Number of protein chains: 2
Amino acid sequence: MKQKPTLKVIAKELDVSVSTVSKALKDSKEIGAKTKERVKAFAKLYNYRPNNIALSLKNRKTKTIGVIIPEIVHHFFTTVISGIEQYANQQGYNVIVGLSNESFDKEVINLDMLANGSIDGFIISVAKETLAKEDYHHISETIDQGVPIVMFDRVVDEILCDKVIVDDVATSKKAVQQLIDNGCKKIGIISTKDYVSVGRLRTRGYLEALNHNHIAKDENLILKIDDKLNSNDNLEQLEQQIETFFEKNKQLDGVFAVNELYAITAMKVARKNGIQIPEQLQVIGFTDGVLSKHAHPPLTTISQHGFEMGEDCARLLIERLEKQDEEDETYQTVVVKTDLVHRETTKTKKQ
Amino acid sequence: MKQKPTLKVIAKELDVSVSTVSKALKDSKEIGAKTKERVKAFAKLYNYRPNNIALSLKNRKTKTIGVIIPEIVHHFFTTVISGIEQYANQQGYNVIVGLSNESFDKEVINLDMLANGSIDGFIISVAKETLAKEDYHHISETIDQGVPIVMFDRVVDEILCDKVIVDDVATSKKAVQQLIDNGCKKIGIISTKDYVSVGRLRTRGYLEALNHNHIAKDENLILKIDDKLNSNDNLEQLEQQIETFFEKNKQLDGVFAVNELYAITAMKVARKNGIQIPEQLQVIGFTDGVLSKHAHPPLTTISQHGFEMGEDCARLLIERLEKQDEEDETYQTVVVKTDLVHRETTKTKKQ
DNA sequence: TATCCACACGCAAACGTTTTAGTAAAAATA
DNA sequence: TATTTTTACTAAAACGTTTGCGTGTGGATA
């Protein structure tokens, strides 16, 4: 339990100045060969490492990026984090994770805690409560203070910053089109309330697909789940709502669900009602996670490539950080491509 | 894009000294009432926040704890992180996450990057490669440097530090006993190679249960999966190995799997072979995650209460940090209790 | 009027670095 | 030998805080 060596103690020990030690360690030509040797040997012996905090203070940058997400026990978000981590570490950056738990207040607190010099920039996916309140002052203030932000997945249009998203509308349209092509006549969507941007957009894509195929919109076929039900606690309520939905729509032969959980639960309800998948009912989910892959039957889904999204987020942020002098005020929105992963809840009509 | 206000700029603007500003903001009685007012008003106007990095440097503590885990796309680990986050934030600490990706080198790098003043202490679950190499010098060196470490789940006995674990042996024994009580005669275990501590211990629990019931050990009933197969890429190989395992053990009527994935995959193989669960084969998995809950049929599992484990880790670490003067060299090992979650892959003989 | 004491504030050091500018001494040049 | 150049190093400032101590001003007291 010895104290960590600093330049100062090395200097004192070797009877040279602090600056000599510093320079010797960086192989400066200002320092003589034998002095360098002495210093390096001593530093290695005592396992000297420069103090990161001091460096951060001096350089006014921490080489750390803050990621704030609604929840971490969630396959998509962790996949994104993996991508962020990978790219960031590779560039010598650390990643600090803050959880908002979908709460506005916790999001504000997290932003506050980290924005005071702890991190160089943020990557954030906005909490549902924040989206519902439409209060983004904490985000715009952070940007105003010169801390760049990259938003992903749940983004908000009013805020000017770099963004990484999936083309929710086009992707959903593609998925629903697939159901139509596979012969579905009565296609329902299980979505979220409209203030969740991805729910809103995916619903729009669903409607566009119907419209494009001259299928009339039927409000009964659109189920908008209340956000609170996402938490694992009230699974039964979710199941109940979907059950009711199924009862209301007897000849339902296709379901597009905006997330894994809704898709899986729909399958569960279908199974309970003796509905054969995919023979009587075809299902496509958004987001390709473990649940979909290991479901029975394995679920056809849309893969959003979370890892790549994470990499893109980190890249965008770090690029902006590294050229912060130029004050580039033009922001990018990266749209990552999606893929339809055909598994066994859809009929394989066309590949 | 204004620069962040510091004490210095406030001081200059108000034509007082830096120390006056600092003291005024903390309501020191040394400062006159009107000056305090002026300073506070100005600070609020420009949204002044003390720079955390400077404080960290001064106080020699960062109020940040580093968590290093093998992978983040994993229900158990994210649950633990949730617990850590919750407790830590509540105590005013931040959480920084490092991923080892099960690699020894990445673990060392992560430890190195963070140990130089960036964090006050670590919470770590050791990478498989590290366990295989049995090289823990990076960990002991970190502890020697005065940075406390708490290990959880995958711990190593040789290292003296606080630990949070599950009683793997007893818990596994209990699970296997349950299978026996439910009438299973031929019980197999799907485990990992022995260098993964949890796999080794859970296998031991399995054997103890057999022994306790005077059932002879049968090597054929013990399948030790090679670690590399955990990654989602080679699922087919995993499936293949389990398939072979089933063929070798025809009258198998009980399976105890040391993790979710193995359990789920075993069920998949069983279904493919037309084996009815739980009528012909009963299955219990270790770790209660989303897969188990949403499996069909829902999987009976052992819940390790990851959230509580996280809280315990954070509590242990923070307690040690806050009384670092006393140099308490007695370490605790917290054993969190487990529960058998009865679902539908076991016969409900006794509740 | 001389002395004392609050009062209100400023100075400076410290945390551990890096870096610019400066300075002795030694070496090279004239 | 006198001057310049090079070598090898040190001093000090800076990053943004906090805090113990010093100090000038004023009013109250003697």
Side-chain angles (χ1 to χ4, degrees), chain A residues 3-40 42-43 46-64 114-120 145-147 324, chain B residues 3-40 42-43 46-64 114-120 145-147 324:
Chain A
Q3 62 154 352
K4 289 198 211 111
T6 66
L7 292 185
K8 201 199 287 195
V9 317
I10 299 184
K12 186 179 298 177
E13 211 67 29
L14 263 47
D15 205 41
V16 292
S17 79
V18 170
S19 30
T20 301
V21 178
S22 174
K23 287 172 180 169
L25 290 174
K26 338 200 78 182
D27 243 331
S28 160
K29 58 195 56 168
E30 291 185 56
I31 305 299
K34 42 318 190 259
T35 311
K36 277 191 200 170
E37 274 320 300
R38 280 208 315 146
V39 172
K40 285 184 185 171
F42 193 93
Y46 287 93
N47 192 28
Y48 168 80
R49 310 266 162 194
N51 180 309
N52 268 328
I53 293 292
L55 286 179
S56 295
L57 182 59
K58 182 129 190 60
N59 302 331
R60 268 99 137 269
K61 54 173 75 170
T62 61
K63 285 274 188 175
T64 301
L114 300 178
N116 313 311
S118 299
I119 53 111
D120 294 342
Q145 296 217 341
V147 181
Q324 219 163 20
Chain B
Q3 62 154 353
K4 288 197 215 113
T6 66
L7 291 185
K8 199 198 289 195
V9 318
I10 299 183
K12 185 179 296 178
E13 211 69 29
L14 263 44
D15 205 40
V16 292
S17 79
V18 171
S19 34
T20 301
V21 177
S22 173
K23 288 169 181 170
L25 289 175
K26 343 199 75 183
D27 243 331
S28 159
K29 58 196 56 167
E30 290 184 57
I31 305 299
K34 47 293 188 277
T35 312
K36 276 190 199 171
E37 274 321 299
R38 281 211 311 147
V39 171
K40 285 184 185 173
F42 193 93
Y46 286 94
N47 192 29
Y48 168 79
R49 310 265 163 196
N51 180 308
N52 268 328
I53 292 292
L55 287 178
S56 296
L57 181 59
K58 184 140 190 50
N59 301 331
R60 267 99 136 268
K61 54 174 77 170
T62 60
K63 285 270 189 179
T64 301
L114 300 178
N116 311 311
S118 300
I119 53 112
D120 294 341
Q145 296 217 339
V147 181
Q324 219 162 20

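No experiment lies behind these values; they were computed from the predicted model shown. Here is the naming used below: chain letters follow the sequence lines, and residue numbers restart at 1 for every chain.
Residue-environment remark: NZ (A:K36) exceeds the threshold of 12 foreign heavy atoms within 6.0 Å.
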| task | Begin with the C-alpha distance, continue with both residues' side-chain angles, and end with the deciding distance and a verdict on side chain to side chain contact (heavy atoms under 4.5 Å, CB included) for A:R38 and A:V16. | result | CA-CA 11 Å; A:R38 280 208 315 146; A:V16 292; 3.9 Å; yes

| message | Apply side chain to side chain contact (heavy atoms under 4.5 Å, CB included) to residues B:V147 and A:K4 and explain how you reach the verdict. | response | CA-CA 10 Å; B:V147 181; A:K4 289 198 211 111; 4.0 Å; yes

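Look at A:S22 and you won't find any side-chain N or O under 4.0 angstrom from OP1 or OP2 of C:dT17. Note on B:K58: every side-chain N or O is 4.0 Å or more away from OP1 and OP2 of D:dG16. Residue B:S19 places none of its side-chain N or O atoms closer than 4.0 Å to OP1 or OP2 of D:dT18. The phosphate of D:dA14 (OP1 or OP2) has no side-chain N or O of A:R60 nearer than 4.0 angstrom. Listed pair B:K8 / D:dC15 meets the phosphate criterion, a side-chain N or O lying under 4.0 Å from OP1 or OP2.
If you check every strand for non-hydrogen atoms under 4.0 Å, B:T35 touches sugar and phosphate atoms only. Residue contacts shown for A:T6 are limited to sugar-phosphate atoms, with no base heavy atom under 4.0 Å away. Note on A:L55: only backbone sugar-phosphate atoms sit closer than 4.0 angstrom, heavy atoms only; bases stay farther off.
Counting to the nearest Å, the P atom of D:dT7 and the NZ atom of A:K36 are 12 Å from each other. One atom, CZ of B:R38, and another, C1' of C:dC9, lie 12 Å apart when rounded to the nearest Å.
Checking D:dT17, D:dC9, C:dC15 against the side-chain heavy atoms of A:E30 singles out D:dC9 as nearest. Candidate nucleotides C:dC9, D:dT18, C:dG16 were compared by shortest atom distance to the side chain of B:I31, and C:dC9 ranks first. Considering only the side chain of A:K34, D:dC9 comes nearest among C:dT18, D:dC9, C:dG16.
A donor-acceptor contact under 3.5 angstrom links the side-chain atoms of A:K23 to the base of C:dT20. A donor and an acceptor atom never sit less than 3.5 Å apart when one is taken from the side chain of B:S17 and the other from the base of C:dC9.
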